[in-house]
There are 2 protein chains.
Amino acid sequence: MAKELKELTPRSKDYSQWYLDLVIKADLAENSAVRGCMVIKPYGYAIWEKMQRQLDDMFKETGHVNAYFPLFIPKSFFSREADHVEGFAKECAVVTHYRLKNSPDGKGVIVDPAAKLEEELIVRPTSETIIWSTYKNWIQSYRDLPLLINQWANVVRWEMRTRLFLRTAEFLWQEGHTAHATADEAVEEARRMLNVYAEFAENYMAMPVIKGTKSASERFAGALDTYTIEAMMQDGKALQSGTSHFLGQNFAKAFDVQFTDKNGKLDYVWATSWGVSTRLMGALIMSHSDDNGLVLPPKLAPHQVVIVPIYRNDEQLAEIDEKVAGIVQRLKSLGISVKYDNSDNKKPGWKFAEYELKGVPVRLAIGGRDLENNTIEVMRRDTLTKETVSCDGIEQRVKDLLDDIQQNIYQKAFDFRVSQTREVNSYDEFKVEIEKGGFLLCHWDGTPETEELIKNETKATIRCIPLEGDKTPGKCMVTGKPSAQRVIFARSY
Amino acid sequence: MAKELKELTPRSKDYSQWYLDLVIKADLAENSAVRGCMVIKPYGYAIWEKMQRQLDDMFKETGHVNAYFPLFIPKSFFSREADHVEGFAKECAVVTHYRLKNSPDGKGVIVDPAAKLEEELIVRPTSETIIWSTYKNWIQSYRDLPLLINQWANVVRWEMRTRLFLRTAEFLWQEGHTAHATADEAVEEARRMLNVYAEFAENYMAMPVIKGTKSASERFAGALDTYTIEAMMQDGKALQSGTSHFLGQNFAKAFDVQFTDKNGKLDYVWATSWGVSTRLMGALIMSHSDDNGLVLPPKLAPHQVVIVPIYRNDEQLAEIDEKVAGIVQRLKSLGISVKYDNSDNKKPGWKFAEYELKGVPVRLAIGGRDLENNTIEVMRRDTLTKETVSCDGIEQRVKDLLDDIQQNIYQKAFDFRVSQTREVNSYDEFKVEIEKGGFLLCHWDGTPETEELIKNETKATIRCIPLEGDKTPGKCMVTGKPSAQRVIFARSY
């Protein structure tokens, strides 16, 4: 039983299948009866809730408030911003009717042709248009600015090839939409939120990211600049983990949102938008997990510690229960979330496998000999190493261990990324290196033509133009034309 | 300015317009560009977030976990449960296509007829069907039960006549969906969650409610029994504030969800579902507010206290700022949320009016003379009474005051309900009394025919058959047939 439960396709054999096995077997999510839509199961949702809570706190600390805008967007709204309609209105869910009626054959229901909408409604793929049509009534003067609003919502993009968490037709996300009096303030906001995302990724997900800007062809539809955080998964591919957009005055012009500045002059408002989604769940899973299952950063684990009793009879269990009650209390007093699993329908070995699969950072096990010796066995999930220690001061030891695990899995992912990142100076070398995976730092002439040629020939895209690090100019590896700085090429999710 | 901002239609003149004025002017919500869909504005959403957080904690304390299921439901799912399709699949948003394309005239986009879905998708009006189709794979044995899951989500019901918060096409809610091994356990769960709702309504919203069951014709479509909490609004009308349903084996049979019990016997699973929505915002507003604006219970107020400085010049403001900083710190140390509004573009009178409108429970004001005397003016929003007190110990005084306001507005609403509730013994008397509003306790013969006759002639419905209180049998006021106990009739929202 334990073996069957745990069995994942090894990463070395088929990384993609390993990921899918893990998402299913660790009870994170599954496909639903509706094509492309997932069910987020309670254990997966508990991790997402921890992410949400933390991000929400960070948004509020930076002065943002939450609001809620309609799920539906009138079709005509998409046509107002030319790039935006190209980017988003094409593959989408379209509501055309508002009523069903009994089918004439008495079997089931059919769409009532008499209940056709005058104008079709689009299920939001992103909310810039409906939000900016609302902001028009909220903004008259510089006193109304900045407007710093976030929304937690579901969105739908009709994806043809879907993959749990990474690409689904419906997904959950947050979308910030802010309005500012000047371009500088809007750019500052877009960068501030990029930094919030990077801080969240690194300090909570323990996932190192590279901050940068997207090339023009990879920008958000309607943005003047798109900032991104890019992470490297264990197979060397890049995963775009969060984006923040400087939208200029595009949406303000499309929805006629003007304000009177301090001097009484009318001007269009400057905008940003920024978002992260349940895709982060995929990033989290692929950053740290192994062939035994999930590895979760302690700061996002629904249970940070699990305690498993090993007993011969009810009498011994009762003794262990009593001992553990004290330990649980001491752990909780340090703010550590702990689960004591003394269920009697599963053997300890089965439980060990299950909690390894589910990525609980620290496992404590306690048996008869431990009772005699006042000891307990401590296992850390990241390295799978065990030691037997005294029960005295166990709470502080576990606390330190959780901190160490958080730090260790970050460092491991960071070291991996460093080892898989290299400078490449010729296109021939590039074609060889890209097959090995990882991030390639290359000079590029800044044109979409060269970018597309590389993409078509190698499936590699420019993940970002890094904001930090080496900014030495050079020559494009393909055309030899001048390049302002090296950019990151990689294959990606 | 202050006058214009505050001005609400008085309740005595037009209660319905007063409500709408208040929702708009207190920045709670507004209508959107999409018919029937509302925008929940930041201040309104902040109150909803407080409700959510508290309810979520209460659900978790009673052993529930959150998950997320698809927004879309295949049309055929609705036909599986006969009552359910009648109740829900009729007025709904139907997705028929998944792509738009450029219009031939080059102006905008049109639905691409080539992208028609094989089976239409319904935007969920409630999720029993999609969830029970999922539970089929999650439940095999009694060991998988009970399954105690909640979802926070948006749902859509195509309402023709909408009203902010009270009845909107899209609204936010939570829906619990649980599965049990026995009918008794499911009934116990349905009642447990009704009690959670009642506790939340009374202890957090400060809104007294009557717990009861619905008559057969008012039951949830697909339920064997619907439990409800009913509150009385200030105009004497009833507002159904939360419902909890015992679904029997209806959905398990519709989706073939069977389990093996301890004796190895196969049986269908027993179900409940229960939900509250953003409608609670409407209930909250109409329970306590007055002609000056919102009155919020301290436990759900985004800011429990606002402090307004009254100053002649910048020098004096600096002195007040310093004094207030200490007070703010002491209030926060007692867990009180406080806003200090020293913005210089609004006069104190304007601020007073604004925070009254927004229902901040306690307002503190401090001026030059207060600095000299170490005093501060305290106003409570519920009674609009003021007193000037010493700054020493102000934090404890405010804390006590908040408790008192929470208790006082509950008591006021309770007393009002009692005053507007009366026993009526003849149908002639009923027709007179129902025009005065309030809850009428009457004997009813238990038939849908009598219920419908009363509804058609008086617009009054049976709000509930109370679970508590007088259970003396009697004779139906209309037909004279036997009645098991008095039930509550009222007009309702």
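Just so it is clear, the model here is predicted, and its values are computed rather than measured. Reckoned from all heavy atoms, side chains included, excluding hydrogens, waters and symmetry mates.
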Side-chain heavy atoms of [X] within contact of [Y], under 4.5 Å:
X	Y	answer
B/Leu71	A/Val123	yes
A/Val94	B/Thr96	no
A/Leu121	B/Val34	yes
A/Thr134	B/Ser32	no

- Sidechain-backbone polar pair: B/Lys41 side chain, A/Ala67 backbone, donor-acceptor under 3.5 Å: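 No; judged by distance alone, with no hydrogens or angles, the pair does not exist.
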If you count heavy-atom pairs under 4.5 Å with chain B, which of [options] comes out on top?
options	value
A/Tyr98, A/Tyr45, A/Phe72, A/Trp48	A/Tyr98
A/Thr168, A/Asp112, A/Asn102	A/Asn102
A/Ile149, A/Asn137, A/Val39	A/Val39
A/Cys37, A/Ala93, A/Ala29	A/Ala93

At a 4.5 Å cut-off on heavy atoms, which part of [X] comes close to chain A: side chain, backbone, both, or neither?
X	answer
B/Ile131	neither
B/Tyr43	neither
B/Arg80	neither

Which atoms of [X] are under 4.5 Å from chain B, going by heavy atoms: the side chain, the backbone, both sets, or neither?
X	result
A/Arg143	side chain
A/Glu30	side chain
A/Arg53	side chain
A/Lys60	side chain

- Task: Go through B/Ile130, B/Leu172, B/Val156 and name the one with the most non-hydrogen pairs under 4.5 angstrom from chain A.
- Result: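 The candidate making the most pairs under 4.5 Å is B/Leu172.
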When rounded to the nearest 0.5 angstrom, what is the spacing between [atom1] in [X] and [atom2] in [Y]?
X	Y	atom1	atom2	value
B/Cys92	A/Leu100	SG	CG	4.0 Å
A/Ser79	B/Ile110	OG	CD1	11.0 Å
B/Ser103	A/Lys75	OG	NZ	8.0 Å

- Start with the C-alpha gap between B/His97 and A/Val95, add the side-chain angles, then the distance that decides, and say whether side chain to side chain contact (heavy atoms under 4.5 Å, CB included) holds. CA-CA 7 Å; B/His97 291 75; A/Val95 176; over 6 Å; no
- Message: Give me each pair satisfying side chain to side chain donor-acceptor pair (under 3.5 Å) with a member in residues 62-71 of chain A, each pair once, sequence neighbours excluded.
- Response: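 Side chain to side chain donor-acceptor pair (under 3.5 Å) check on residues 62-71 of chain A returns A/Asp56-A/Asn66, A/Thr62-A/His64, A/His64-A/Glu189, A/Asn66-A/Asn150, A/Asn66-B/Glu49, A/Tyr68-A/Arg124, A/Tyr68-B/Asn154, A/Tyr68-B/Glu170.
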- Item | ring pair (Phe, Tyr, Trp, His ring centres under 6.0 Å) partners for A/Trp152, two or more places apart | none
